[in-house]
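No hydrogens, no waters, no symmetry mates; every other heavy atom, side chains included, goes into these values. Per chain, numbering begins at 1; letters A, B, ... match sequence-line order.
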2 protein chains.
Amino acid sequence: MAVSDDRVPVPDVNREMCPSRRILEHVTSRWGVLVLAALLERSYRFSELRREIGGVSEKMLAQTLQTLERDGFVDRDAKPVIPPRVDYSLTQLGKEAAEQVWGLARWSERRVADVKAARVSYDDEKARAAASL
Amino acid sequence: MAVSDDRVPVPDVNREMCPSRRILEHVTSRWGVLVLAALLERSYRFSELRREIGGVSEKMLAQTLQTLERDGFVDRDAKPVIPPRVDYSLTQLGKEAAEQVWGLARWSERRVADVKAARVSYDDEKARAAASL
DNA sequence: CCGAATCCAAAACGATACTG
DNA sequence: CAGTATCGTTTTGGATTCGG
C-alpha cells in the first residue's frame, strides 16, 4: 500500500472538538441512528442488517458498524465458519445509546407536522417579502 | 425496556430521507446543537452568539440559524435600527427541541469515559491481532 | 458471505471580501 | 452589525472491484 503522499501541507492543526461531540456525531449519524434502532429490537447479521435498513452501501454500513463497535456500542461476533457469519448486537452501553437517540427520533416524528407548518409559513412570508420589492 | 412487543410507534426512519430524519439532522448538526444549547439559556445577538460558540464561521452560523428558523425552532427579531440589531431566541417548539438534544448531549458527556475506555480496548485488541500475524 | 481498498463526484466547510 | 457572495479546500458517500 503506497502510503507515501508527499502532500502534507498542514501539520494537522489541533481541531479540539470536545469528545462528547464526537460521540454525538457517531450515534446521530445518518446510518448510525438506523443501525442502533434496528439492533434495539434484535441482533442482525451484516447482510441482513443491510437489507433491513435499505439504501445503505456496504461501505457505509461497515464503516458505521466499526465506529459504533469501537465506541463500545456494538458487539461484533464473528463466527469462524465458512461461509463467514458475523452477528451484530448492542452492548449495554449501546442499548442506552440506542434508547437515547430513539427517543429523539420519536420526538422528531411527533413534531413533523409542526415543522412542516413552520416551513410553509416561513417560505410564504419570504415570498411575500420578495414580491413587495 | 422492551421495544419489540409494542405496536411500533416507529418513525419512518427506515425510509430514505423521511421528514423526521431531516429534522433530526438539523437539530443534531454540528452547530445546531451548540446554537440550541446557547439559546436555551437566553437570547443572543448574531455576533454575540458567534463569540459564545466559538470556532464557527459567519457563513455556517447564518446558515444554521436560517435552517432552525425555517423549521420553527428559532425566532429572529430584526430591529429596524442603525446599526442593525438582530436578536435570536427559541420558540416554544425550539425550546422543546433544545431540551431534547441537550439531554442527548448530556448523556454523551456522562458516557465519555466509558467510550474512551472502549476505544482503548478496541485499539489494543486490534494491535495485538495485527502483531500476531 | 463479510468486508477492505480504490476511485471519483458531490456536498460541506472556512476564509475572505463585499453590501446594506 | 448582520449578513451575502465567491472560491478553494476538505470531507463524505456511493459504485465498483478485489480478497479471505
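For the segment residues 59-73 of chain B, the set of residues with a heavy atom within less than 4.0 Å of an atom of DNA chain C comprises B:Lys59, B:Met60, in numerical order. For the segment residues 41-49 of chain B, the set of residues with a heavy atom within less than 4.0 Å of an atom of DNA chain D comprises B:Arg45, B:Phe46, B:Ser47, in numerical order. Proximity of residues 79-90 of chain A to DNA chain C (heavy atom under 4.0 angstrom from any strand atom) is restricted to A:Pro83, A:Pro84, A:Val86, A:Tyr88.
Taking 4.0 angstrom as the limit, A:Trp31 places none of its side-chain polar atoms (N or O) nearer than this to OP1 or OP2 of D:dT12. For the pair A:Arg76 and C:dG3, the criterion of a side-chain N or O lying under 4.0 Å from OP1 or OP2 is met.
Atom CG of A:Asp77 and atom C1' of C:dC1 are 15 Å apart (whole Å). Atom P of nucleotide C:dA4 and atom CZ of A:Arg50 are separated by 14 Å, given to the nearest angstrom. In this structure, the NZ atom of A:Lys126 is 11 Å from the C1' atom of D:dG3, given to the nearest Å. As a whole-Å value, the separation of B:Arg30 CZ from C:dA11 C1' is 16 Å. The separation between B:Glu25 atom CD and C:dC13 atom C1' is 16 Å, rounded to whole Å.
With hydrogens and angles disregarded, a donor-acceptor distance shorter than 3.5 Å links the side chain of B:Thr67 to the backbone of B:Gln63. Side chain of B:Ser108 to main chain of A:Ile23: no donor-acceptor pair is present (N/O by atom type, distance under 3.5 Å, no hydrogens or angles).
With sequence neighbours excluded, no residue forms a side-chain hydrogen bond (donor to acceptor under 3.5 Å, both in side chains) with A:Arg22. Judged as a salt bridge (Lys or Arg N to Asp or Glu O under 4.0 Å), and not counting sequence neighbours, B:Arg50 has no contacts. Applying the side-chain hydrogen bond (donor to acceptor under 3.5 Å, both in side chains) test to B:Arg76 and every residue at least two apart in sequence or in another chain returns B:Tyr88. Every residue meeting the salt bridge (Lys or Arg N to Asp or Glu O under 4.0 Å) condition with A:Asp87, not counting sequence neighbours, appears here in chain and number order: A:Lys79, A:Arg85. For B:Trp31, there are no side-chain hydrogen bond (donor to acceptor under 3.5 Å, both in side chains) partners, not counting sequence neighbours. For B:Gln92, the side-chain contact (heavy atoms from CB on, under 4.5 Å) partners two or more places apart in sequence, or in a different chain, are B:Lys95. For A:Arg51, the side-chain contact (heavy atoms from CB on, under 4.5 Å) criterion is met by A:Ser47, A:Glu48, not counting sequence neighbours.
Axis angle between the ends of the helix from C:dC1-D:dG20 to C:dG20-D:dC1, five pairs each and rounded to 10 degrees, works out to 40°.
Listed candidates were D:dT17, C:dG14, D:dG14. Nearest to the side chain of A:Glu58 is D:dT17.
Residue B:Thr64 holds its OG1 atom at 8.0 Å from CD1 of B:Ile53, rounded to the nearest 0.5 Å.
Within the 4.5 Å cutoff, side-chain heavy atoms of B:Leu65 are placed close to those of B:Leu49. Looking at A:Gln100 and A:Leu36, their side chains never come closer than 4.5 Å, going by heavy atoms from C-beta outward.
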Enumerate donor-acceptor pairs with a distance under 3.5 Å from any side-chain N or O in residues 55-62 of chain B to protein atoms, sequence neighbours excluded.
from, atom 1, to, atom 2, distance (Å)
B:Ser57, OG, B:Met60, N, 3.2

